[in-house]
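What follows is one structure encoded as structure tokens, with my remarks underneath.
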Number of protein chains: 2
Amino acid sequence: MNKKQLIIEAAIKVFARDGLEKGKIADIAKEAGIGKGTVYEYFRSKNDIFKVIEESVFSDFSIVFEELNSSTLSPTKKLSNLLEQGIDMFMEMGDVLLIIMELWAQAGRGHVHGSDSSLFVEYYDNFRKGVESILSDGILSGEFRDMNKEGVATLLLAFMDGLGWQFVILKDSKKINKIKSEAIESFMRGISN
Amino acid sequence: MNKKQLIIEAAIKVFARDGLEKGKIADIAKEAGIGKGTVYEYFRSKNDIFKVIEESVFSDFSIVFEELNSSTLSPTKKLSNLLEQGIDMFMEMGDVLLIIMELWAQAGRGHVHGSDSSLFVEYYDNFRKGVESILSDGILSGEFRDMNKEGVATLLLAFMDGLGWQFVILKDSKKINKIKSEAIESFMRGISN
DNA sequence: ATAATATGACTGACCGGTCGGTCGGAATAT
DNA sequence: ATATTCCGACCGACCGGTCAGTCATATTAT
């Protein structure tokens, strides 16, 4: 079995439970059933582990997004599916959201694991551009009203993130599912023609 | 001059810059121009400082919210003002958002500064209820479509938070202002009748 | 004079990262 | 076949730096 992956999974568990700073390498090792030194055979440092977790989360998102974006669905369908699947992904992530939240705060602080540019900024720009192009298509086809595309794209991202954060506190999946459908309904109404 | 307040302001500056864990008491003291020991004359512990910051943020929000909610404006006006003012507050908070984000993650983790119930849960429930009652009024008056009130109320909170988090990364107030008006427009359309 | 307040040197717990050493198994020699 | 050498994954004791919180002393206020 791939030990690097094993360590990452243990790390996610530990960081989600204890936080990025309080989560100890020793505990990650214990969780993975290996010695502490072994962790350092696979990762240079604690920050390195953060980075790998961050990348894996975003790559999951990107895959779903690219797949959807390159489909032949109508703009309306594309966007509502994006919301639906995005929210589902957040819900499935569970405690990983807590890690993302902390990483995000780090990104906002501008000194992310040593380097100064953040994956967050990069990926979000990318998502935003993708959403904007769907909006353009929808405006052309007459499905969507005319609008400030960048604003609405940001709004869509904000919606998804915000719901994710609400879930962090609510932790009630029945309630959340009702909220989800209402959210999608409201958003689509807000931009439809 | 109130030294407690002085310390809180210094603490906010330091925590926003360095994060809750990495932010040092010694730096807070230096920032406030006092000795480290003096901090402990006014606060029992680092966690105690967190708690006070959290309370002060929420109480600011509550004041704005209560004032607006008890006004005689129409439901439509109430909600759009709430969005407008809420977003403005987020923007003014600047780096304080980073602190809130970390506190939120702590809250989600469920062991917030020792105690197990979180101010976040409490306050959000409160806001949600307030928004739900505005929505009820608006549905009765025919301004809003019929809807799952709890869902839309959650959505509104998610929306505001989500925009706040986007700002954390965007940091471009001109762009943000355009986004803000488009966001409010879209949201209000989404629930209007 | 003495109470109240301020201070920063000090302490001890904590933890990320290191490094010398172990050990099972693979490769090679006999 | 089996003895010998080699390899590198694995380990955890240890080190060095850090920092929250304490406390004996100093300063200021009454």
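To find a chain, count down the sequence lines: A is the first, B the second, and so on, and within it residues start at 1. The analysis underlying the following values was restricted to heavy atoms, covering all of them including side chains, and did not include hydrogens, waters or symmetry mates.
Residue A:Thr38 places at least one side-chain N or O under 4.0 Å from the OP1 or OP2 atom of D:dC11. Contact check, A:Tyr40 against C:dC19: no side-chain N or O comes under 4.0 Å of OP1 or OP2. For D:dA20, one of the phosphate oxygens OP1 or OP2 lies less than 4.0 angstrom from a side-chain nitrogen or oxygen of B:Lys46.
At whole-Å resolution of the value, CG in B:Asp18 and C1' in D:dT18 are 14 Å apart. B:Glu41 places its CD atom 17 Å from the P atom of D:dA26, with the value rounded to the nearest Å. Atom NZ in A:Lys36 sits about 10 Å away from atom C1' in D:dC15, given to the nearest Å. Look at CD on B:Glu21: it is 14 Å from P on C:dC14, rounded to the nearest Å. One interatomic measurement links the two molecules: NZ of A:Lys24 to C1' of C:dC14, which rounds to 8 Å at whole-angstrom precision. When the C1' atom of D:dC19 is taken as reference, atom CD1 of B:Ile28 falls 12 Å away, rounded to whole Å. D:dG21 atom P lies 18 Å from atom OH of B:Tyr42, rounded to whole Å. Between the CG atom of A:Asp27 and the P atom of C:dG16 there is a distance of 9 Å, rounded to whole Å.
Contact annotation for A:Phe43: no contact, since no heavy-atom pair falls under 4.0 Å across all strands. Counting non-hydrogen atoms under 4.0 angstrom, B:Gly33 reaches nothing in the nucleic acid.
Map A:Arg44 and A:Lys22 each onto its nearest nucleotide of DNA chain C; the residue landing nearer the 5' end is A:Lys22.
Aromatic ring centres of A:Phe50 and A:Phe15 lie closer together than 6.0 Å. A distance below 6.0 Å separates the ring centres of B:Tyr124 and B:Trp104. Aromatic ring centres of B:Phe90 and B:Phe167 lie farther apart than the 6.0 Å criterion allows. Checked against a 6.0 Å centroid threshold, the rings of B:Tyr123 and B:Phe61 do not count as neighbours.
For B:Thr38 (side chain) and B:Ile34 (main-chain N/O), no donor-acceptor pair under 3.5 Å exists by modelled atom type.
Comparing D:dC11, C:dG17, D:dC10 by their nearest atom to the side chain of A:Ser45 picks out C:dG17.
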